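All remarks here apply to the structure that follows.
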Amino acid sequence: QVQLVESGGGLVQAGGSLRLSCTASGRPFRPSDMGWFRQAAGKEREFVAGVTNSGLSTFYGVSAKGRFTISREVAKNTIYLQMNSLKPEDTAVYYCAAGPRRGWVQSDYDFWGQGTQVTVSS
């Protein structure tokens with residue numbers, strides 16, 4: 001089974017930046033489309049950003065446009081989420097996911113990481 005492990009979360013002041021990482025492990029990773037979701041306390045899980053299996057195409061949810069950048073290093077089985085100009089409303093658990101196709105909802109993905117907490121203070 002594929003394992004996805006996120007890292008890079010933490011506490012940051014509003015306006016600051018963080019870079020999240022997600023690395024696939026557990027077996028030789030067969031490249032697939034991957035993405036980031038987030039879930040704030042008491043809210044539904046929200047799509048943040050996605051990248052195709054080649055790393056050549058990216059796409060974003062509304063909340064990420066202009067502030068977040070997703071990227072992929074295929075050889076390292078790793079994706080990143082560079083988050084700039086963070087706001088308190090970005091506070092959430094951020095999850096890495098992998099699936100067979102481009103997707104914007106949870107059901108589009110088959111594998112999930114454990115999540116990493118991002119907290120943005122005002």
Side-chain angles (χ1 to χ4, degrees):
Q1 183 82 329
V2 172
Q3 294 178 311
L4 303 175
V5 179
E6 304 97 331
S7 63
L11 176 64
V12 65
Q13 294 287 329
S17 298
L18 287 172
R19 190 178 75 154
L20 307 183
S21 300
C22 172
T23 298
S25 62
R27 56 172 287 273
F29 183 68
R30 184 169 183 167
S32 60
D33 288 9
M34 298 180 69
W36 292 96
F37 287 74
R38 68 185 187 186
Q39 188 166 20
K43 297 185 178 181
E44 295 183 349
R45 193 165 296 187
E46 173 191 12
F47 174 75
V48 177
V51 59
T52 55
N53 58 16
S54 67
L56 297 178
S57 182
T58 60
F59 48 103
Y60 296 91
V62 172
S63 64
K65 290 182 178 178
R67 298 188 299 127
F68 297 178
T69 303
I70 188 171
S71 60
R72 183 171 193 158
E73 291 192 70
V74 176
K76 295 183 178 180
N77 298 327
T78 298
I79 64 167
Y80 305 92
L81 185 68
Q82 178 67 46
M83 304 187 293
N84 299 324
S85 301
L86 284 162
K87 305 173 182 179
E89 52 262 44
D90 295 318
T91 295
V93 177
Y94 284 71
Y95 295 93
C96 176
R101 66 189 71 83
R102 179 188 295 243
W104 291 263
V105 299
Q106 290 185 71
S107 59
D108 291 327
Y109 295 87
D110 299 318
F111 303 102
W112 294 85
Q114 82 288 350
T116 185
Q117 177 71 46
V118 172
T119 302
V120 184
S121 61
S122 59

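In this text the structure is predicted, and so the values were computed from the model without any measurement.
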Ile79 to Trp36 - nearest heavy-atom pair and separation: CD1-NE1, 3.4 Å

Residue pairs involving residues 74-95 (criterion ring-ring contact (aromatic ring centres under 6.0 Å, His included); sequence neighbours excluded): none

ILVMFWY clustering at 4.5 Å (side-chain atoms), partners of Val74: none

Side chain Thr91, main chain Thr119, donor-acceptor under 3.5 Å: no

Closest non-hydrogen atom pair, Arg102 against Ser57: NH2-OG, 3.0 Å

Pairs touching residues 14-24 that satisfy side chain to side chain donor-acceptor pair (under 3.5 Å), sequence neighbours left out: Ser17-Asn84, Thr23-Thr78

Side chain to side chain, Gln114 and Glu6, heavy atoms closer than 4.5 Å: yes

Within 6.0 Å of CD in Glu44, more than 12 heavy atoms from elsewhere: no

Shared hydrophobic cluster for Leu20 and Val12 (ILVMFWY, side-chain gaps under 4.5 Å): yes

All salt bridge (charged side-chain N to carboxylate O under 4.0 Å, His left out) counterparts of Glu46, not counting sequence neighbours: Arg38

Co-members of Leu56 in a cluster of I, L, V, M, F, W and Y side chains, linked at under 4.5 Å: none

Minimum-distance pair of heavy atoms, taken over all atoms of Ala92 and Ala40: CB-N, 3.7 Å

Ala24 to Val2 - nearest heavy-atom pair and separation: CB-CG1, 4.3 Å

Check: Gln39 side chain, Lys43 main-chain N or O, donor-acceptor pair, under 3.5 Å: yes

Test ring pair (Phe, Tyr, Trp, His ring centres under 6.0 Å) applied to Phe59 - qualifying residues, sequence neighbours left out: Phe47, Trp104

Note, Val51 side chain near Asp33 side chain (heavy atom, < 4.5 Å): no

Asn53: partners by side chain to side chain donor-acceptor pair (under 3.5 Å), with sequence neighbours left out: none

Closest contact, heavy atoms only, Asp108 versus Gly103: OD2-CA, 3.1 Å

Residues in side chain to side chain donor-acceptor pair (under 3.5 Å) contact with Ser121, at least two apart in sequence or another chain: Gln13

Linked, directly or transitively: Tyr109 and Tyr60 (ILVMFWY side chains, under 4.5 Å): no

Heavy-atom check, side chain of Met34 versus side chain of Thr52, under 4.5 Å: no

Contacts of type side chain to side chain donor-acceptor pair (under 3.5 Å), residue Thr58, not counting sequence neighbours: none

Note, Leu81 side chain near Val48 side chain (heavy atom, < 4.5 Å): yes

Connected via hydrophobic side-chain network under 4.5 Å: Phe37 and Leu86: no

With sequence neighbours excluded, residues passing side-chain contact (heavy atoms from CB on, under 4.5 Å) with Pro88: Ala14, Val120, Ser122

Any Arg45 side-chain heavy atom under 4.5 Å of Trp112 side chain: yes

Residue list, side-chain contact (heavy atoms from CB on, under 4.5 Å) with Val62, at least two apart or on another chain: none

With Gln106 via side chain to side chain donor-acceptor pair (under 3.5 Å) - residues at least two apart: none

